Structure formats: structure tokens, C-alpha cells
There are 2 protein chains.
Amino acid sequence: MLDCQDHEVCIESAMREAESICQEKGLRFTELRREVLRLIWLSHIPTKAYDILEKLKGKAWSAKPPTVYRALDFLLETGLVHKLDSINAYIGCSHPREHDGCYFLICTDCNEAKECCSPELTDAIELAWSKNSFRPKKVTLEVLGQCGQCD
Amino acid sequence: MLDCQDHEVCIESAMREAESICQEKGLRFTELRREVLRLIWLSHIPTKAYDILEKLKGKAWSAKPPTVYRALDFLLETGLVHKLDSINAYIGCSHPREHDGCYFLICTDCNEAKECCSPELTDAIELAWSKNSFRPKKVTLEVLGQCGQCD
DNA sequence: TTAAAAATTGTTATATTATAACATTTAAGT
DNA sequence: ACTTAAATGTTATAATATAACAATTTTTAA
Ligand SMILES: [Zn+2]
Ligand SMILES: [Zn+2]
Ligand SMILES: [Zn+2]
Ligand SMILES: [Zn+2]
């Protein structure tokens, strides 16, 4: 699905950006949270909470479900990670500084997910809900299908 | 949220339409499936699977989780019901004959959900994914927020 | 019309996803 | 150093969903 040439670059830049965002916001980017974010970024395939749990167990942590879900809560609140409700999985945010009007393409063949932005889409959605005098708080937009590489 | 004057009318028309759709398609609209659809249509607030289970138990059925999930599978496949992934709940489809380009407004105050259609939205989504040479199979679009009545 | 096949429902067990509640440890502020 | 707040550890359980096989009902077709 993705135009990811060197995934080490993806990982390192995501980690660096997370560091600086947490620093700016005065949030504690602990070892555990760092490790969970890194595990999520291991690939562009959304990760299941209990897979993170298994991987954490292989490392230093005494990991149990709350260990993972608390780290996920932090990463979700900070905008470093997104939950994909249609598949109950988590993926690193590709541009956490300004995540807005974004949606997800999820390939059911290679399982990769891509975060996309579309101002037209944002406009269309806003138009639609304003017709209904609705005050949006959270938009979930996920498209399951087949990506270009998986034809 | 809704412009529902007489909800009995909603229920009866939904049930009638379900009957005729199943008849046309040669599908077996059994008592169990009928009852589950009716329970979902009891209100415009999306229903949880295990709430359906409890209500079924109060009736004739020897209801266990698979009882409900199988009926839900049937209703979902037939397009009579939708699952709202962002809240793990089920709602009756308001126009099962041509459900396309629809999305859901879900009020976090009154909990009602409204199914909306927007051709502009459909177009914007199609434009966005064609840019990514993506072949969509299923679109999940759910907006959580506050409806006009709940300001 | 009855036997075989298919679909539906019953039943038991278990998998998957997520949170509550309270104890302990670690970090921050005074 | 002492106090407080935040983070993590730990045990238990809640909430959501499916697997596997048995019994029943409906449909198909011999
Ligand atoms: Zn990459
Ligand atoms: Zn994002
Ligand atoms: Zn109504
Ligand atoms: Zn619909």
C-alpha cells in the first residue's frame, strides 16, 4: 500500500516527533509509552492491543492488559496513535501535529492502513452535518478495501 | 434528534419493508429474526447485542449469545440493520432498499443516531480514494457529537 | 410421500477486547 | 526530606463476539 522506502526512517521520525510533542506539552513520555509507540510503529499494519501485550512480555515489562491499555490511552489522547474502530486495532499517527480531516484506507489483502487527508472531504462532511444542525466531536471515517498494490 | 412523530409508524413500516425485501430475495424472515429486528427498532437509540439478548430472554426464546449474533448477521447481510463500529451497537436501516453513501450522526447526549445520505459526501470520498487507487468495499463513517435538540 | 440435504436454532465452551479497583512504586513540587 | 500526584503493578471481572457440535425444522428431490 505505502510509499515507504525505508521503514526505519518512518519509525525514527515518528519517535522523534513524539518526543518533541511530549516535551512541548509537558507530558511524560515514559519508557513504557515509548516502547508501546515503537511497537505500534513496527509496521504500517494496524496492531491489536493483545499483540502489543505479547511483545511487551518479551521485554522487560510485567505486562498485563491495563499496562497496554493505559499506554494506548495516553498515546490516543496525545494524538500519537489512532484507533481504527472497524478492525479494533491501533496505528501510529502519520502527522500528529495537525491531525484533522483525516481518514483511513485499510487494505484487506496486505492489511496495511494509510492515513489520508482530504479538504474536500472535510468540507463535504461539514456541509452534511450542518444541514442537520449537528455539533461534531469525533469523526470516524474508515474505508476497507483493496489497495493499488494488491490488485 | 429525530423528526419521529409516531414511532409506532417507524416500527411498522420498517417491519413491513423487511418482510417484503425478504420475500423478494427469497430469504427466510423467521420469527427470531423478526423479533430481533423489532427489538432493534424499539427506539432510535442504537442497541447493544447483549441488551437484545436480555430482551429476548424475557420472551419465548432460549436465547444465548449465538442466538443474537446469528440473527444480527442475517439482518446485517440483508442490509436491514447497521452496526455502528464506534459504539459497538446496532441500528435499523432507515432505507434498506438503497443504502448507499450513507453515514451516521450519533448524539452523545440523547444517544439517538440518524442515518444520513449525502451525494456530495459520496463524491468526495470517491475522489479521495481514487487518488490513492484504492478499491473500496466498505465505508464506515460515523460522527459522534451533539444533535440540534441537545444544545 | 418419504428420504436426503440444507438451513436454522440450541447448547456448551471459549476467544477477544477492555475496564474496575486497589496496591505499590516513581517522579514532581514544596 | 516530606508531601502529593502520576504512573505502574496486580487481581479480578466486564463487555463483545465466535467456534464447534447437536438437535430441529424446512426445503428439495427421489
Ligand atoms: Zn514505513
Ligand atoms: Zn493522525
Ligand atoms: Zn421513530
Ligand atoms: Zn442504511
Side-chain angles (χ1 to χ4, degrees), chain A residues 18-19 22-23 25-40 45-78 80-91 106 111 140 142, chain B residues 18-19 22-23 25-40 45-78 80-91 106 111 140 142:
Chain A
E19 293 284 356
C22 289
Q23 185 124 44
K25 293 188 179 171
L27 300 171
R28 290 173 55 196
F29 198 36
T30 62
E31 268 311 300
L32 176 62
R33 291 165 175 175
R34 240 184 279 267
E35 187 58 32
V36 170
L37 182 59
R38 189 177 288 276
L39 288 173
I40 289 172
I45 297 175
T47 315
K48 300 293 220 167
Y50 277 72
D51 289 344
I52 297 172
L53 180 56
E54 287 313 306
K55 286 174 183 155
L56 269 185
K57 279 180 181 166
K59 312 223 168 190
W61 285 271
S62 138
K64 307 224 165 41
T67 315
V68 169
Y69 282 103
R70 282 173 188 150
L72 285 173
D73 284 347
F74 172 86
L75 297 170
L76 289 167
E77 274 167 22
T78 314
L80 297 172
V81 156
H82 299 297
K83 178 175 183 192
L84 301 179
D85 285 321
S86 62
I87 56 173
N88 289 325
Y90 303 84
I91 189 163
I106 305 168
N111 295 312
T140 298
E142 299 167 20
Chain B
E19 292 283 358
C22 288
Q23 184 123 46
K25 294 188 178 173
L27 300 171
R28 288 173 56 193
F29 198 37
T30 63
E31 268 311 301
L32 175 61
R33 292 165 176 173
R34 240 184 280 266
E35 187 58 32
V36 169
L37 182 61
R38 189 177 289 274
L39 288 173
I40 289 172
I45 296 175
T47 315
K48 301 293 224 167
Y50 277 72
D51 289 345
I52 297 172
L53 181 56
E54 286 315 304
K55 286 174 183 154
L56 268 185
K57 279 179 180 168
K59 312 224 167 187
W61 284 272
S62 139
K64 307 226 165 42
T67 315
V68 170
Y69 282 104
R70 282 175 188 148
L72 285 173
D73 284 347
F74 172 85
L75 296 170
L76 289 167
E77 273 167 23
T78 315
L80 297 171
V81 156
H82 298 296
K83 178 175 183 190
L84 301 178
D85 286 321
S86 62
I87 57 173
N88 288 326
Y90 303 83
I91 188 163
I106 306 168
N111 295 313
T140 299
E142 299 167 19

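Letters go in sequence order (proteins before strands), and every chain restarts at 1. Given the structure is predicted, the values throughout are model-derived calculations rather than measurements.
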When rounded to whole Å, the CG to P distance for the pair A:Asp85 and C:dT17 reads 13 Å
Distance-only donor-acceptor pairs under 3.5 Å for side chains of residues 46-54 of chain A, two or more places apart:
from: A:Lys48; atom 1: NZ; to: A:Ile87; atom 2: O; distance (Å): 2.8
from: A:Lys48; atom 1: NZ; to: A:Asn88; atom 2: O; distance (Å): 3.3

Span of DNA chain D engaged by chain A, first through last nucleotide within the 4.0 Å heavy-atom cut-off, is D:dA6 to D:dT11
d(B:Thr140 OG1, B:Asp85 CG) to nearest 0.5 Å is 5.0 Å
For B:Ser86, the side-chain hydrogen bond (donor to acceptor under 3.5 Å, both in side chains) test, sequence neighbours excluded, returns B:Glu142
field: Any B:Leu72 side-chain heavy atom under 4.5 Å of B:Tyr90 side chain
entry: yes
Atom CH2 of A:Trp61 and atom C1' of C:dT25 are separated, to the nearest Å, by 16 Å
- Message: Counting the atoms with a prime plus P, OP1 and OP2 as sugar-phosphate, which does A:Phe29 contact under 4.0 Å by heavy atoms, base, sugar-phosphate, or nothing?
- Response: nothing
Taken to the nearest whole Å, CZ/B:Arg28 to C1'/C:dT9 is 10 Å
Applied to residues 61-74 of chain B, the salt bridge (charged side-chain N to carboxylate O under 4.0 Å, His left out) test, sequence neighbours excluded, yields none
Table please: side-chain donor-acceptor pairs of residues 25-34 of chain A below 3.5 Å, with sequence neighbours left out.
from: A:Thr30; atom 1: OG1; to: A:Arg33; atom 2: N; distance (Å): 3.3
from: A:Glu31; atom 1: OE2; to: A:Arg34; atom 2: NE; distance (Å): 3.1
from: A:Arg33; atom 1: NH1; to: A:Arg28; atom 2: O; distance (Å): 2.6
from: A:Arg34; atom 1: NH1; to: A:Glu19; atom 2: OE1; distance (Å): 2.8
from: A:Arg34; atom 1: NH1; to: A:Glu19; atom 2: OE2; distance (Å): 2.2
from: A:Arg34; atom 1: NH2; to: A:Phe29; atom 2: O; distance (Å): 2.6

Residue pair A:Ser62, A:Thr67: steps toward the side chain to side chain contact (heavy atoms under 4.5 Å, CB included) verdict
CA-CA 8 Å; A:Ser62 138; A:Thr67 315; 5.9 Å; no
Closest heavy-atom pair, A:Val36 versus A:Leu56, reported as atoms and distance to 0.1 Å, is CG2-CD1, 4.0 Å
Within residues 66-74 of chain A, those residues having any heavy atom closer than 4.0 Å to DNA chain D are A:Pro66, A:Thr67, A:Arg70
Rounded to 10°, the angle between the first-five-pair and last-five-pair axes of the helix from C:dT1-D:dA30 to C:dT30-D:dA1 is 30°
The correct set of residues in residues 45-56 of chain B placing a heavy atom under 4.0 Å from DNA chain C is none
d(A:Ile40 CD1, A:Glu35 CD) to nearest 0.5 Å is 10.5 Å
task: Applying side chain to side chain contact (heavy atoms under 4.5 Å, CB included), run through B:Ile106 and B:Leu84 and close with a yes or a no.
output: CA-CA 9 Å; B:Ile106 306 168; B:Leu84 301 178; 3.8 Å; yes
Whichever of B:Leu32 and B:Pro65 has the more 5' nearest nucleotide on DNA chain C, that residue is B:Leu32
The reported gap from CG in A:Leu37 to OG1 in A:Thr78 (rounded to nearest 0.5 angstrom) is 9.5 Å
